[in-house]
There are 2 protein chains.
Amino acid sequence: MLTDRQLLILQIIIDDFIQYAQPVGSRSLSKKESITFSSATIRNEMADLEELGLIEKTHTSSGRVPSEKGYRYYVDHLLSPKKLTKKEIMAIRSIFAEKIYELETLVQKSAQILSELTSYTAIVLGPKVSENRLKRLQIVPINEDKAVAIFVTNTGHVENKMITFPEKIDMSELEKIVNILNEKLAGVPLSELKDKIYKEIANILRKHIRNYDILLKLITGTLNVGHEKIYFGGKTNILSQPEFRDVSQIQTFLDFIEQEDELYDLLKTNPSGITVKIGTENKISAMENCSLITATYSIGEKQIGTVAVLGPKRMDYSRVISLLKFFSKDLSQVLTKLYQG
Amino acid sequence: MLTDRQLLILQIIIDDFIQYAQPVGSRSLSKKESITFSSATIRNEMADLEELGLIEKTHTSSGRVPSEKGYRYYVDHLLSPKKLTKKEIMAIRSIFAEKIYELETLVQKSAQILSELTSYTAIVLGPKVSENRLKRLQIVPINEDKAVAIFVTNTGHVENKMITFPEKIDMSELEKIVNILNEKLAGVPLSELKDKIYKEIANILRKHIRNYDILLKLITGTLNVGHEKIYFGGKTNILSQPEFRDVSQIQTFLDFIEQEDELYDLLKTNPSGITVKIGTENKISAMENCSLITATYSIGEKQIGTVAVLGPKRMDYSRVISLLKFFSKDLSQVLTKLYQG
DNA sequence: AATTAGCACTCGAGTAATATGAGTGCTAAC
DNA sequence: GTTAGCACTCATATTACTCGAGTGCTAATT
């Protein structure tokens, strides 16, 4: 258990380092007004904190720098929520104020504004399409062996995929199937479509339509939606951070970002609420100098997406957390109002 | 007019610099086997070439480096087409071999493979949607004041946009309009839709449908397609080039790439065939150390998109040009076969 | 027992001095 | 016209040196 004085010192070290990105020494610490004891005392306390693994030296005679464990402790125990400024609140509200009906645009703007407010990189995992409900299925023939299957959902999202017919297809039968599917499947979440089709609809079709199985297979084959789209804001913001001085590091980092699938794994599995992952806690080498703070957003009670801020380990946790909390709550409210029910 | 010897020297200087990114001196030049005269002679010739503005020094006693004018001369007069290796041809053909029906995927893969072959950044400007022909228009209501307009084209491309109704709309009338439009407009290029609607169809509608103008405005309002999508391959490849040593340069460059609209301007206005833009010829400060080589691709005779390679000014022009020529020809062939008529 | 002053020591960062070598232009000889 | 020779230039690397912010430890002070 840490003493109050140790907590104070740890807090100041981390706060200072977050602000200036420079190792913090005992002498400069002793000049802070909240500190009433001497630099020698601080040195002693620092030695203890170092032994506990909360801070580190970069070389024998350098000041101290927070360790990963130190950041973790800081986030878990020392963080005081920062109140948002009017300006910040206004900036966020401004997105929701203008009536944007395209979900995509809304999400893209969100990433934009979050990156501007934080000067870090904002990442938004788009709404889970699989949670959307089917509004209409349409199949449009392109030529004799190709067609496009189009799924429109309750949020106005349009998903489409090419179908290639293995043999000549009777268009009128295809049309019949589509009609039946529309009738029976309206309002069903996309994730349950396949299941529902085979459990409840296949039987009906069997009675009415020859070759129903081939056609059905083609349609359900288009239902494997890829992963949700990832939206970025300020992709290069993080490069201005002093920790990204050398080019090779930049390159691995950007490659990781561009790659998207690892990033997607990082974002998709999130419990609701705020999550903070520091450095190696992300389990990805390109991220070992970064921290990722995520929040989830939802329509009604249904959690449908994630919004995140990616910055250096030395990021302003307190501020980013407050921003994300506020932001995700607002976003959820707006979405719920727009698409609930 | 340059003498043969001057041409030879210029050629070797540029070839050498392209390969090693180091200023080329008279002594190291004199050791090349194609050179039979002494370094002193070379120095004299170099002085002349410098006076002509084709090469430069980085400082008083440095070797020579090609100037922008030098590169331009090299590209215009000294370039010998490089024969592609079997491996390269195979790599390109492999994309077209697997039957990919989604145009998007095909284009994305193209960017991918081109960047891998060149180790530069590949950029592909997606097929001009406006040249696609309308296959089917569909309007799907989402709730009482919103709907999605969906345009399916002859290539299987699906364009969609949200519509918000200003007032209560009679759905049956909307349906009528959509039916008429589909009947009259099938096969018309998207770019001509608006025109055709107002010139030929408005009159017909007037007779049948109340409020036809409001509905029509809503529909045509969705027809302003944004710019074509830009696909990238090896976005960060160019960062490994030695000319991108400092971080701020990287950042301006990446910001330019991410921005997309300036880049789009650069790509859209291209005459058919190969184009080479060197350094400041691109008229964009973030590109002043880069060269851009573009080629166009087409369906039938109709030019529909651009494929480009972005590298340092010091890029391997000969090889990239050969690759792009081959690639764009093949791509056009495949597309023509798939979507012609 | 806790705190602090004092001191020797460490090490990164900056600066200045110096050597190295690949390059140049010019001149005079071939 | 070509080339050898030479003095000169300048970026780069190496070295030595200083400076200062930092440390840990010890002994004196509270």
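Numbers restart at 1 for each chain; the letters A, B, ... are given by sequence-line order, proteins then strands. Everything numeric here is computed off the predicted structure, so don't read it as measured data.
At a threshold of 4.5 Å between non-hydrogen side-chain atoms, the residues Tyr231(B) and Ile123(B) do not count as touching. Side-chain contact check for Leu324(B) versus Thr294(B): every heavy-atom pair is 4.5 Å or farther apart.
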Provide a list of protein-nucleic acid N or O atom pairs under 3.5 angstrom, restricted to nucleotides 28-30 of chain D.
none

Kindly give the atom pairs (protein nitrogen or oxygen, nucleotide nitrogen or oxygen) under 3.5 Å for nucleotides 25-28 of chain C.
{"unit_1": "dG25(C)", "atom_1": "OP1", "unit_2": "Arg64(B)", "atom_2": "NH2", "d": "3.0"}
{"unit_1": "dG25(C)", "atom_1": "N7", "unit_2": "Arg43(B)", "atom_2": "NE", "d": "3.2"}
{"unit_1": "dG25(C)", "atom_1": "O6", "unit_2": "Arg43(B)", "atom_2": "NH2", "d": "3.3"}

Which pairs, protein N/O on one side and nucleotides 15-20 of chain D N/O on the other, fall under 3.5 Å?
none

Run the side-chain donor-acceptor check on residues 41-54 of chain B: report pairs under 3.5 Å with partners two or more places apart or on a different chain.
{"unit_1": "Thr41(B)", "atom_1": "OG1", "unit_2": "Ser38(B)", "atom_2": "OG", "d": "3.2"}
{"unit_1": "Arg43(B)", "atom_1": "NH1", "unit_2": "Ser26(B)", "atom_2": "OG", "d": "3.2"}
{"unit_1": "Glu45(B)", "atom_1": "OE2", "unit_2": "Arg5(B)", "atom_2": "NE", "d": "2.7"}
{"unit_1": "Glu45(B)", "atom_1": "OE2", "unit_2": "Arg5(B)", "atom_2": "NH2", "d": "2.8"}
{"unit_1": "Glu50(B)", "atom_1": "OE1", "unit_2": "Arg64(B)", "atom_2": "NE", "d": "3.0"}
{"unit_1": "Glu50(B)", "atom_1": "OE1", "unit_2": "Arg64(B)", "atom_2": "NH2", "d": "2.8"}

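Between the C1' atom of dT3(C) and the CD1 atom of Ile35(A) lies a distance of 14 Å, rounded to the nearest Å. A straight line from CD1 of Ile9(A) to P of dT3(C) spans 10 Å, rounded to a whole angstrom. To the nearest angstrom, C1' of dA5(C) lies 13 Å from CZ of Arg27(A). If you measure from atom CD of Gln22(B) to atom C1' of dA11(D), you get 11 Å, rounded to the nearest angstrom. In this structure, Ile42(A) places its CD1 atom 9 Å from P of dT4(C), rounding to the nearest Å. One atom, CD of Gln6(A), and another, C1' of dA2(C), lie 14 Å apart when rounded to the nearest Å. The separation between Arg5(B) atom CZ and dT3(D) atom P is 7 Å, rounded to whole Å. When the P atom of dA22(C) is taken as reference, atom CG of Leu29(B) falls 15 Å away, rounded to whole Å.
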Check the pair Asp316(A), Tyr120(A) against side-chain hydrogen bond (donor to acceptor under 3.5 Å, both in side chains), reporting the backbone distance first and the verdict last. CA-CA 10 Å; Asp316(A) 187 342; Tyr120(A) 302 128; 5.9 Å; no

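For the ring-ring contact (aromatic ring centres under 6.0 Å, His included) condition, no pair includes a residue of residues 7-45 of chain A, sequence neighbours left out. Listed by first and then second residue, the ring-ring contact (aromatic ring centres under 6.0 Å, His included) pairs that reach into residues 246-267 of chain A are His227(A)-Tyr264(A), Phe244(A)-Phe253(A), sequence neighbours excluded.
Sparse packing is recorded around NZ of Lys109(B), with 12 or fewer heavy atoms of other residues, nucleotides or ligands lying under 6.0 Å away.
Judged by closest nucleotide on DNA chain D, Thr41(B) is the one of His59(B) and Thr41(B) placed further toward the 5' end.
No side-chain donor from either of Glu258(B) and Thr236(A) sits under 3.5 Å from a side-chain acceptor of the other. At a cut-off of 3.5 Å, with distance as the only test, a side-chain donor of Gln241(A) or Arg314(A) sits close to an acceptor on the other residue.
Taken from CD1 in Ile284(A) to OG1 in Thr280(A), the straight-line distance is 11.5 Å, to the nearest 0.5 Å.
Remark: Arg72(B) engages Glu281(B) in a salt bridge, criterion side-chain N to carboxylate O under 4.0 Å.
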